[in-house]
Amino acid sequence: MTLLQTHDLTVAYGGRTVLRGVNIQITPGEIVTVVGPNGSGKSSLLRALIGAISPASGRVTRATGLRIGYVPQSLAIDGTLPLTVDRFLNLPRRVTPQATVTALADAGVPDVGQQQLSALSGGQFQRVLLARALLHDPDVLILDEATQGLDQPGAAQFYRQIDEVRRTRGCAVLMVSHDLHVVMAASDRVLCLNGHLCCEGTPQVVADAPEYRALFGTGTQGALALYRHEHDHNHHHDHDHDHDHDNPHEKVS
């Protein structure tokens, strides 16, 4: 079964083509990570998938009744606004108290419901955004640079939470990330973009691909091995690299 699929997808802004001829598909229960240099079209791909922009050519197909949960790179909240986490999760439409409790627990922050949004740490706030995306039991969870601003241990912990969500809820996960050494351990499949789909496959296949190495270098085995060992990650991918020079600033509104 295919949840999301693109067919020769091309995306353009102001006459400039940012993505050309992309063919991908997302199936239930897999974690797929999109990597690529700044300006490579990663966020444009996500925006096309969720329907925020229309393709210049090609098309996106979605399974009937597909539910998508979306976690943005960041969300500006007025710090002077008196807004609790529970109230935030009930905007723009109310959900049941049990739904908020379950979503916050699944996001790893079960005890923050009565806290003010402005009092949360960066990591807690990202988990609240994750909880918001989980409220309506998505078939596909889409994350755009959701660990932006978190340190490496915080990012690794967040990815472990995503893996747990995938395991317990059975949803597919599609995420854009620049944490290359972490996503190679956390992903079932990697898509490498640079204006087009350069290469795709398991982390090991992509790490070995000449197109990938031309963009990011060969790196070293150290950080990936350390991540797998320290956090007892049960994925069986086994390859070498630790190179984090993506530094994207693309945003999705």
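Everything numeric here is computed off the predicted structure, so don't read it as measured data.
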Sequence-distant partners of Glu211, salt bridge (charged side-chain N to carboxylate O under 4.0 Å, His left out), two or more places apart = none

Please report the closest heavy-atom contact between Ala133 and Val71, naming both atoms and the distance.
-> CB-CG2, 3.7 Å

Considering residues at least two apart in sequence or located in another chain, which fulfil the salt bridge (charged side-chain N to carboxylate O under 4.0 Å, His left out) criterion with Arg169?
-> Asp106, Asp137

Side-chain donor or acceptor of Arg62 paired with backbone N/O of Leu49 under 3.5 Å | yes

Does any N or O in the side chain of Arg132 come within less than 3.5 Å of the main-chain N or O of Ala103, such that one atom is a donor and the other an acceptor?
-> no

With Leu174 as partner, the option from Leu46, Asp144, Leu141 fulfilling side chain to side chain contact (heavy atoms under 4.5 Å, CB included) is Leu46

Under 4.5 Å between any side-chain heavy atoms of Val85 and Val109, yes or no?
-> no

Quick one: do Val205 and Leu197 end up in the same hydrophobic cluster if we chain Ile, Leu, Val, Met, Phe, Trp and Tyr together by side-chain heavy atoms under 4.5 Å apart?
-> no

side-chain contact (heavy atoms from CB on, under 4.5 Å) with Leu81: which residues, sequence neighbours excluded?
-> Asp78, Leu83

Sidechain N-carboxylate O distance under 4.0 Å for Arg166, Asp188 | yes

Least distance between heavy atoms, Ala155 atom then Leu150 atom | N-CB, 4.1 Å

Residues that Asn194 engages under side-chain hydrogen bond (donor to acceptor under 3.5 Å, both in side chains), provided they are two or more places apart | none

Gly65 and Asp139: which non-hydrogen atoms are nearest, and at how many Å?
-> O-OD2, 4.0 Å

Just jot down the side-chain hydrogen bond (donor to acceptor under 3.5 Å, both in side chains) partners of Arg59, sequence neighbours excluded, or say none.
-> none

Find out whether Val35 and Val176 are in side-chain contact, i.e. whether some heavy atom of one side chain is under 4.5 Å from a heavy atom of the other.
-> no

Do Gln98 and Thr102 meet the criterion of a side-chain donor-acceptor pair at a distance under 3.5 Å?
-> yes

Minimum side-chain heavy-atom gap Leu191-Arg189 below 4.5 Å | yes

Once you round to the nearest 0.5 Å, how far does CG of Leu4 lie from CD1 of Ile142?
-> 5.5 Å

Closest approach of Cys192 and Tyr212, non-hydrogen atoms and distance?
-> SG-CD1, 4.1 Å

Name the atoms and distances for all side-chain donor-acceptor pairs under 3.5 Å in residues 120-131, with sequence neighbours left out.
from	atom 1	to	atom 2	distance (Å)
Ser121	OG	Gln124	N	3.1
Ser121	OG	Gln124	OE1	3.4
Gln124	OE1	Ser121	N	2.9
Gln126	NE2	Ala146	O	2.6
Arg127	NH1	Ala107	O	3.0
Arg127	NH1	Gln161	OE1	2.9

With sequence neighbours excluded, what pairs up with His136 under the side-chain contact (heavy atoms from CB on, under 4.5 Å) test?
-> Arg93, Val95

Rounded to the nearest 0.5 Å, how far apart are CD of Glu30 and CG of Leu3?
-> 8.5 Å

Using the test side-chain contact (heavy atoms from CB on, under 4.5 Å), find all partners of Gln5 that sit at least two apart in sequence or belong to another chain.
-> Thr2, His7, Gln25, Thr61

Under the side-chain hydrogen bond (donor to acceptor under 3.5 Å, both in side chains) rule, collect the residues that match up with Thr100, sequence neighbours excluded.
-> none

Residues passing the side-chain hydrogen bond (donor to acceptor under 3.5 Å, both in side chains) test with Thr33, sequence neighbours excluded, are Ser187

Rounded to the nearest 0.5 Å, the OH atom of Tyr159 sits from the CE atom of Met175 at a distance of 5.5 Å

Answer yes or no: is there a side-chain heavy-atom contact under 4.5 Å between Leu215 and Cys198?
-> yes

Give, for atom CZ of Arg167 and atom CD1 of Ile31, the distance between the pair rounded to the nearest 0.5 Å.
-> 11.5 Å

All heavy atoms of Val206 vs all of Gly201, minimum pair found to be CG2-N, 3.5 Å

Rounding to 0.5 Å, atoms OG (Ser177) and CG (Leu143) come to a distance of 9.5 Å

In chain order, what residues pass the side-chain contact (heavy atoms from CB on, under 4.5 Å) check against Ser118, with sequence neighbours excluded?
-> Gln116

Do Lys42 side-chain atoms and Gly36 backbone N/O form a donor-acceptor pair below 3.5 Å?
-> yes

Identify the two heavy atoms, one from Ile53 and one from Ser44, that lie closest to each other, and give their separation to 0.1 Å.
-> CD1-O, 3.6 Å

Apply side-chain contact (heavy atoms from CB on, under 4.5 Å) to Val32 and Val190, showing your working.
-> CA-CA 6 Å; Val32 180; Val190 177; over 6 Å; no

Without placing hydrogens or testing angles, list every side-chain donor-acceptor pair under 3.5 Å for residues 15-23, not counting sequence neighbours.
from	atom 1	to	atom 2	distance (Å)
Asn23	OD1	Asp8	N	2.6
Asn23	ND2	Asp8	OD1	3.0

Residues Val112, Leu104; criterion side-chain contact (heavy atoms from CB on, under 4.5 Å); working and verdict | CA-CA 8 Å; Val112 302; Leu104 288 171; 4.1 Å; yes

